[in-house]
Amino acid sequence: MKRGLIIALKWIGGLLLTVVLLLAAAVGVFNSGYFQDWVLQKTVVLLQDKLQTRVTVDELRIDLVGLDAHLYGLEVEDRQQRKMLRLDELRADVVLWQLMQHRVKIAEATCRGLEATLVQPQDTAANFQFIVDAFKRDRQHTDTVPKKQKMNISFDVDKVELESIKFSYNDAKAELARLIYKKGVNDRQVAELLNLRMQWIHQSKKHGPILNKLRVGVLDMVDMQRYIQLSIDSLCYFTDNHKDRKNVGKPKRGAFDAGHFDVVAKLGARVEHLSKDSVVAAITNCQATDRGSGLNLTTLTCRLTANKRTLNLKNMTVGMAHTKLKIADAVVQLPSKKEGRTMAYHTSLITGTTQLRDISKPFAPVLGKFTLPLQLQTRMSGEADAMHFRDVMVKTADGKFKVTAKGGITGLKDKYQLHVHFDINKMVAVGDSKQRIINQFQVKKFMMKQLDNLGRIEYTGHFDVLYKREQFAGTLRTGVGSIIFNFALDEKNKYVFGKARTDSLELGKAMDMPGIGKTACEAEFKFDISKPRTALMRRKKGGKLPIGEVKAHVTEARYKFIKVRNIGVSMVSDGAVAEGDLSAPGKLVDLSCTFSFTNTNEMKKMKVKPRVKFNLFRKSTDEEKERKRQLKEQKKEERRKQKAEAEKVKEAEKAAKKAEKEARKAAKEAEKAKKKAAKEAEKAARKAAKEAEKAAKKAAKEAAS
């Protein structure tokens, strides 16, 4: 029996040795270049038959021992014999023992020299559609397999390296120099992207085709276990709508142009949570410069939480060279056509300091020397086509200049419909703050001495900015009296015109003309602000005065100890000399005079020529009666217009209150939507947890069985 056992063991050992030798021989045959070339040729033929196009592969090598696969020189043509896909090298190392656990683990994968050219014409199928159709039948066949027979396979990759990747889809192109992804200790992920270039054309209804270019120099991603750290260096974004920049030949305009971006930026971010429906992250550093317009963002930091409905921003800091703003909280309602939701937003109180020269080059060159630091605050809300501001306050550090206001901007998408409206609740300027503010602007200054004579200034009113037109109205209270005014700047025809009225103004103190006391009057004025027309007149006559005309009616005035009433005044200035006429008709005597001056800062040197006309025996002519009647009608019309203006101001205030109410309502709705979204997210999380628990119990039960 012992001998029989020995013989059996010899036979088993010999059989095992034979099997091992056969397997070794099989592996050797399969690893041989001849056999793999034969398999490659058969595979290429099968692919060509299946795809009905030309497919070539230079070399395929598979090592069964190490499960290391190499593919070299793959080329695939489309049905029009155009090169659609080209691959220089593809290599993958597979961990064999993981297959026993239904896992495909790739220790390392490398792809070099991939070039894909995809075309999707408007009237025909895409050039890659035949590949989709060819393999769709295989998927349909796989889908008919019962679920119990399907095998769930997971994929795991330790390291991936992509190099020299080119991709094009119609007009869109992308090129990648290198991408490395790998897992480190405790499965901590690390990725590095080098020199990504993208180019595409966006069709805009307003600007037509816009060329877009994006380049990312370096992108690093590091898994810090609790969060993922992202950093982007040398990011460049460029757009070109193939039109001249908006500011070409127009130095007064800002250089900002959405059709011509040339942005250079760097970014640091921390991603704490990322899922299909939500993200929690923080921007730790962002710097961006638009080299075309000069807009320079030196700092942007915030914490953000987003889902499909809302984006919440907290502790936001925005900085420029001399500007720093802080926003504690901001909520953005994300748009959705499917759910009928439009974009809307609102913020908490925005506070900070600024020097307006920071926005001069991109938006307002006239602010180029505005170096006076200003403190500001406001609350902002809005939607896609409008912005609303409330609790606006702007002041200097010493408090000598302060403005409180509210208002908004509508028609943002169409410059012809653009309307900026602000109600100035109160503006106060004390001491030299008036001159300090005006001196910040690069404009010619007139009557600065008279401005100083006004003393303390308070202003209440409103202003509107429309397409090529600005309108201002309100009441100006000064140390020498009050003025009610309404004037407009016609940017199209280059004129400023308007009306002013006062019931008691110490005109002599204001204009530095001793002897003239309190004056009650109303006036109309029109001045030329066209540089070409003004320059032409300057060449002809010289001078430093504004060019225009003034017509006024003095209801009552005092000159030394004399009180006069119902005086008509007219004045015309050609830029060099201002000439005027003053007339005070009476029943017995008509008093009148002509006057002229050449410098508003030297009104004492005004030349006056008085005239007297006696009317002892003269009766009023029909023409004079008609003039008096017209004057009476004119006063009546002025009172009617003033009443209409007051009603207009009242309506504007009412509209502003309504807008503020709607803004509060929108903010309330957004807060409600935020709470609802949070509730739904919590509900979905509980549901997902239950589903996961249920799946775990089911899996445990199946494992036990």
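Given the structure is predicted, the values throughout are model-derived calculations rather than measurements.
Here the shortest heavy-atom pairing between Gly431 and Lys434 reads O-NZ, 2.9 Å. A pairwise comparison of heavy atoms in Asn453 and Ala510 identifies ND2-O, 3.2 Å as the closest pair. Phe422 approaches Ala405 most closely through the heavy-atom pair CD2-CB, 4.5 Å. The two atoms that bring Lys400 and Ser433 nearest to each other are O-OG, 3.3 Å, heavy atoms only. The two residues Ala576 and Leu545 come nearest to each other via the heavy atoms O-CD1, 3.8 Å. Of all non-hydrogen atoms in Thr598 and Val577, the two that sit nearest each other are CG2-CG2, 4.0 Å.
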(request) Run the numbers on Glu638 and Glu522 for side chain to side chain contact (heavy atoms under 4.5 Å, CB included), then give the verdict. (result) CA-CA 9 Å; Glu638 287 295 329; Glu522 53 188 30; 3.9 Å; yes
(message) With side chain to side chain contact (heavy atoms under 4.5 Å, CB included) as the criterion, how do Arg639 and Gln634 come out once you've worked through the C-alpha distance, each side chain's angles and the decisive distance to 0.1 Å?
(response) CA-CA 9 Å; Arg639 288 194 295 269; Gln634 184 179 1; over 6 Å; no
(message) Before you tell me yes or no, could you show the steps for Arg436 and Asp398 under salt bridge (charged side-chain N to carboxylate O under 4.0 Å, His left out), namely the whole-Å CA-CA distance, both residues' side-chain angles and the distance that decides it to 0.1 Å?
(response) CA-CA 12 Å; Arg436 287 165 59 200; Asp398 57 11; 2.9 Å; yes
(request) Apply the test salt bridge (charged side-chain N to carboxylate O under 4.0 Å, His left out) to residues Asp528 and Arg533: give CA-CA distance (whole Å), side-chain angles for both, the deciding distance (0.1 Å), then the verdict. (result) CA-CA 8 Å; Asp528 194 336; Arg533 291 195 296 260; 2.8 Å; yes
(request) Test Leu372 against Ile437 for side chain to side chain contact (heavy atoms under 4.5 Å, CB included), laying out the working first. (result) CA-CA 8 Å; Leu372 183 66; Ile437 293 293; 3.5 Å; yes
(request) Check the pair Ile327, Ser348 against side chain to side chain contact (heavy atoms under 4.5 Å, CB included), reporting the backbone distance first and the verdict last. (result) CA-CA 7 Å; Ile327 309 172; Ser348 61; 4.2 Å; yes
(message) Before you tell me yes or no, could you show the steps for Ser570 and Asp581 under side-chain hydrogen bond (donor to acceptor under 3.5 Å, both in side chains), namely the whole-Å CA-CA distance, both residues' side-chain angles and the distance that decides it to 0.1 Å?
(response) CA-CA 5 Å; Ser570 63; Asp581 181 82; 4.7 Å; no
(request) List the steps and the verdict of salt bridge (charged side-chain N to carboxylate O under 4.0 Å, His left out) for Glu506 and Lys518. (result) CA-CA 4 Å; Glu506 295 183 62; Lys518 292 185 177 180; 5.4 Å; no
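To the nearest 0.5 Å, atoms CE (Met427) and OG1 (Thr460) are separated by 9.0 Å. To the nearest 0.5 angstrom, Lys531 atom NZ is 15.5 Å from Leu536 atom CG. Annotation: the span from Thr478 atom OG1 to Leu454 atom CG amounts to 5.0 Å, rounded to 0.5 Å. Atom CZ of Phe238 sits about 10.5 Å away from atom CG of Asp290, to the nearest 0.5 Å. To the nearest 0.5 Å, atom CG of residue Asn241 and atom NE2 of residue His202 are 11.0 Å apart. Distance check, rounded to the nearest 0.5 Å: CD1 of Ile484 to OG1 of Thr502 gives 8.0 Å.
Side-chain N or O atoms of Arg501 include none that pairs as donor or acceptor with a backbone N or O of Phe485 at under 3.5 Å. Side chain of Thr404 to backbone of Asn425: no donor-acceptor contact under 3.5 angstrom is found. A donor-acceptor contact shorter than 3.5 Å is absent between the side chain of Asp432 and the backbone of Gln435. A side-chain donor-acceptor contact under 3.5 Å links Asp358 to the backbone of His322. A side-chain donor-acceptor contact under 3.5 Å links Arg341 to the backbone of Leu334. Checked by atom type and distance alone, the side chain of Thr299 never pairs as donor or acceptor with a backbone atom of Val318 at under 3.5 Å. Arg245 contributes a side-chain N or O that, together with a main-chain N or O of His260, makes up a donor-acceptor pair within less than 3.5 Å. Judged by distance alone, the side chain of Thr410 and the main-chain N or O of Ala386 form no donor-acceptor pair under 3.5 Å. One N or O on the side chain of Thr298 and one on the backbone of Gly319 form a donor-acceptor pair closer than 3.5 Å. Panel note: side chain Thr347, backbone Met380; a donor-acceptor pair is recorded below 3.5 Å.
Remark: the Arg469 side chain and the Gln471 side chain contain an N/O donor-acceptor pair separated by less than 3.5 Å. For the residue pair Gln377/Asp391, the side-chain donor-acceptor check at 3.5 Å is not satisfied. Between the side chains of Thr239 and Asn212, no donor-acceptor pair is found at a separation under 3.5 Å. A donor-acceptor contact closer than 3.5 angstrom links the side chains of Asn296 and Thr289. Using modelled atom types and a 3.5 Å distance limit, the side chains of Tyr237 and Asp262 yield no donor-acceptor pair. Between the side chains of His388 and Glu383, at least one donor N or O lies within less than 3.5 Å of an accepting N or O.
Two residues are said to be in side-chain contact when any heavy atoms from C-beta on lie closer than 4.5 Å; Val554 and Val569 meet this criterion. Inter-residue side-chain proximity for Phe256 and Lys361 is flagged as unmet; no heavy-atom pair is nearer than 4.5 Å. Contact annotation: the side chain of Asp464 approaches that of His419 to within less than 4.5 Å [non-hydrogen atoms, C-beta and beyond]. Within the 4.5 Å cutoff, no side-chain heavy atoms of Ile529 are placed close to those of Asp490. Contact annotation: the side chain of Leu374 never approaches that of Thr353 to less than 4.5 Å [non-hydrogen atoms, C-beta and beyond]. Leu376 has its side chain out of reach of Thr351: every pair of non-hydrogen atoms, C-beta onward, lies at least 4.5 Å apart. Within the 4.5 Å cutoff, the side chain of Val428 has heavy atoms near those of the Arg456 side chain. Taking the side chain as every heavy atom from C-beta outward, Lys402 and Met393 approach each other to under 4.5 Å.
The aromatic rings of Phe527 and Phe525 lie tilted to each other, with the angle between the two planes from 30° to 60°.
A salt bridge is defined here as a Lys NZ or Arg NE, NH1 or NH2 lying under 4.0 Å from an Asp or Glu carboxylate O, and Glu556 with Arg565 meets this definition. Here Lys406 does not pair with Asp423 in a salt bridge; the nearest charged N to carboxylate O distance is not below 4.0 Å. Contact check on Glu662 versus Arg664 returns no salt bridge, with no Lys/Arg side-chain nitrogen under 4.0 Å from an Asp/Glu carboxylate oxygen. Look at Asp574 and Lys541 and you find a salt bridge, because one of the NZ, NE, NH1 or NH2 atoms lies within 4.0 Å of a carboxylate O, short of that distance.
In this structure, the ring of Tyr459 has its center no less than 6.0 angstrom from the ring center of Phe472.
Figure legend: Lys526 and Tyr495 shown as a cation-pi pair, the cationic atom lying under 6.0 angstrom from the six-membered ring centre and within 45 degrees of its axis.
A side chain to side chain donor-acceptor pair (under 3.5 Å) with Asn486 holds for exactly one of Lys641, Glu645, Lys648, Gln642; it is Glu645.
Gln203 meets the side-chain contact (heavy atoms from CB on, under 4.5 Å) test with Ile201, Pro209; sequence neighbours excluded.
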